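A quick write-up on the structure given underneath.
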There are 2 protein chains.
Amino acid sequence: MQESFSIGDLGRLTGCQVVTIRYYEKIGILAEPGRSSGGHRIYGPEHRDRLTFVRKARELGFSLDTVRSLLSLSETPEGTPCADVDRIASRHLVEVREKIAALKSLEGTLEGLLDICSHTTVEQCRVLDALRD
Amino acid sequence: MQESFSIGDLGRLTGCQVVTIRYYEKIGILAEPGRSSGGHRIYGPEHRDRLTFVRKARELGFSLDTVRSLLSLSETPEGTPCADVDRIASRHLVEVREKIAALKSLEGTLEGLLDICSHTTVEQCRVLDALRD
DNA sequence: ATACGACCTATAGCAACTATAGGTTCAAGC
DNA sequence: GCTTGAACCTATAGTTGCTATAGGTCGTAT
């Protein structure tokens, strides 16, 4: 069974936009696939799997650069310890937690401003006051 | 007392980088200031105040486009109700909360993956598994 | 008078795509 | 076999909010 997909098929299968697939090819995240006689890209299961990997990693918030590292780690010979994968994921978790903390602090500030703004006029507005120093 | 500042002074006063000040001028967030005979920018207190406003709004996470709206609202004649400011800030708060929720869900996923990955080899790695589907 | 830091302009680069223009191919229906 | 129209192709520019670089000029302290 030879499975082959057009770029549109691949997009549908992976939930990835066609333009994004071409973009990934251009920046070397995806290998150049074969072409039809007319020049259309023809993909196989290996492209689908790799793109699925990329999309899932992106959904988990990894940068494309980190995705590159994860891809090459996942293609490492069997028996290679996954300590590097762990390290990357742990570091990412730390960053996610830092972002949450920053946003929570921001949330508190905004809540405070909106609480005390009694919906009056622009020259008495607490939100604008906070910005005007 | 005529206060005037160089672009470097203004940067120091507002915690804003010099290149960023020029960028704000270019995109119309800050008005073009006067110039010295040699062509150096000369700023006054009004520029300082406006830039302070911009920086504080950016720290609160408002986009530059929203900052534009906030600036024009803050320059509205006295007596104008600040309902629009409230609306903008409330909407922003909603977005901040949405981001927090998304990141928390991500945090949970990453924690789960790292928990069950018993630091083995790449072909058994739970983190890579999750990406491979 | 000179040195040197601060300033000037213009352009390109970053992440991770998205949008546009203008053209070609493929597949389905007649 | 032919036509139509969706899907494909390339190349380039735009998005956000800056930052970096190159190559030159100005201002001020000694």
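Proteins get letters first, then strands, A, B, ... in listed order; numbering begins at 1 in each. All figures in this text were calculated on a predicted structure; none of them were measured in a lab. The analysis underlying the following values was restricted to heavy atoms, covering all of them including side chains, and did not include hydrogens, waters or symmetry mates.
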Just checking A/Arg55: base, sugar-phosphate only, or nothing, at a heavy-atom cut-off of under 4.0 Å?
sugar-phosphate
If you measure only the distance, is there a donor-acceptor pair under 3.5 Å linking the side chains of B/Tyr24 and B/Arg50?
no
Kindly determine whether A/Ile7 and A/Tyr43 satisfy side chain to side chain contact (heavy atoms under 4.5 Å, CB included), including the steps that lead there.
CA-CA 7 Å; A/Ile7 196 169; A/Tyr43 295 95; 3.7 Å; yes
Atom-pair distance (CG on B/Leu51; P on D/dC18), nearest Å:
11 Å
Decide, yes or no, whether a salt bridge links A/Glu59 with A/Arg55 under the criterion of side-chain N to carboxylate O below 4.0 Å.
no
In the 5' to 3' direction, the nucleotides of DNA chain C bounding the stretch that comes under 4.0 Å of a heavy atom in chain B are C/dC7 to C/dT11
Nearest nucleotide by nearest heavy atom, which residue falls closer to the 5' end of DNA chain C, B/Ile7 or A/Val19?
B/Ile7
Whole-Å gap separating P (D/dC26) and CZ (B/Arg41)
14 Å
How far apart are the C-alpha atoms of A/His92 and A/Thr66, what are their side-chain angles, what is the distance that settles it, and do they pass the side chain to side chain contact (heavy atoms under 4.5 Å, CB included) test?
CA-CA 10 Å; A/His92 184 49; A/Thr66 305; over 6 Å; no
Output the rounded distance in Å from CD (B/Glu59) to P (D/dG17).
15 Å
Whole-Å gap separating C1' (D/dT19) and CD (B/Gln17):
8 Å
Does a side-chain N or O of B/Ser63 approach OP1 or OP2 of D/dT16 to a distance below 4.0 Å, or not?
no
Heavy-atom nearest nucleotide on DNA chain D for B/Leu64 versus B/Gly39: which residue maps closer to 5'?
B/Leu64
Could you walk me through whether A/Arg35 and A/Ile42 pass side chain to side chain contact (heavy atoms under 4.5 Å, CB included), step by step?
CA-CA 5 Å; A/Arg35 298 279 183 147; A/Ile42 301 169; 5.9 Å; no
If we ignore angles and hydrogens, is there a donor and acceptor under 3.5 Å between the side chains of A/Asp49 and A/Thr52?
no
Given A/Gln17 and A/Ile21, is the side chain to side chain contact (heavy atoms under 4.5 Å, CB included) satisfied, shown in steps?
CA-CA 6 Å; A/Gln17 291 218 273; A/Ile21 298 174; over 6 Å; no
Got a sec? Which of residues 21-33 of chain A come in under 4.0 Å of DNA chain D, heavy atoms?
A/Arg22, A/Lys26
Looking at B/Arg58, I'd like to know whether one of its side-chain N or O atoms comes within less than 4.0 Å of OP1 or OP2 on D/dC18.
yes
Give a yes/no on whether any side-chain N or O of B/Ser36 is located under 4.0 angstrom from OP1 or OP2 of D/dC26.
no
Provide the closest heavy-atom pair for A/Leu103 versus B/Leu103 in the form atom of the first, atom of the second, distance.
CD1-CD1, 3.6 Å
Does atom CZ of B/Arg41 have more than 12 heavy-atom neighbours from other groups under 6.0 Å away?
yes
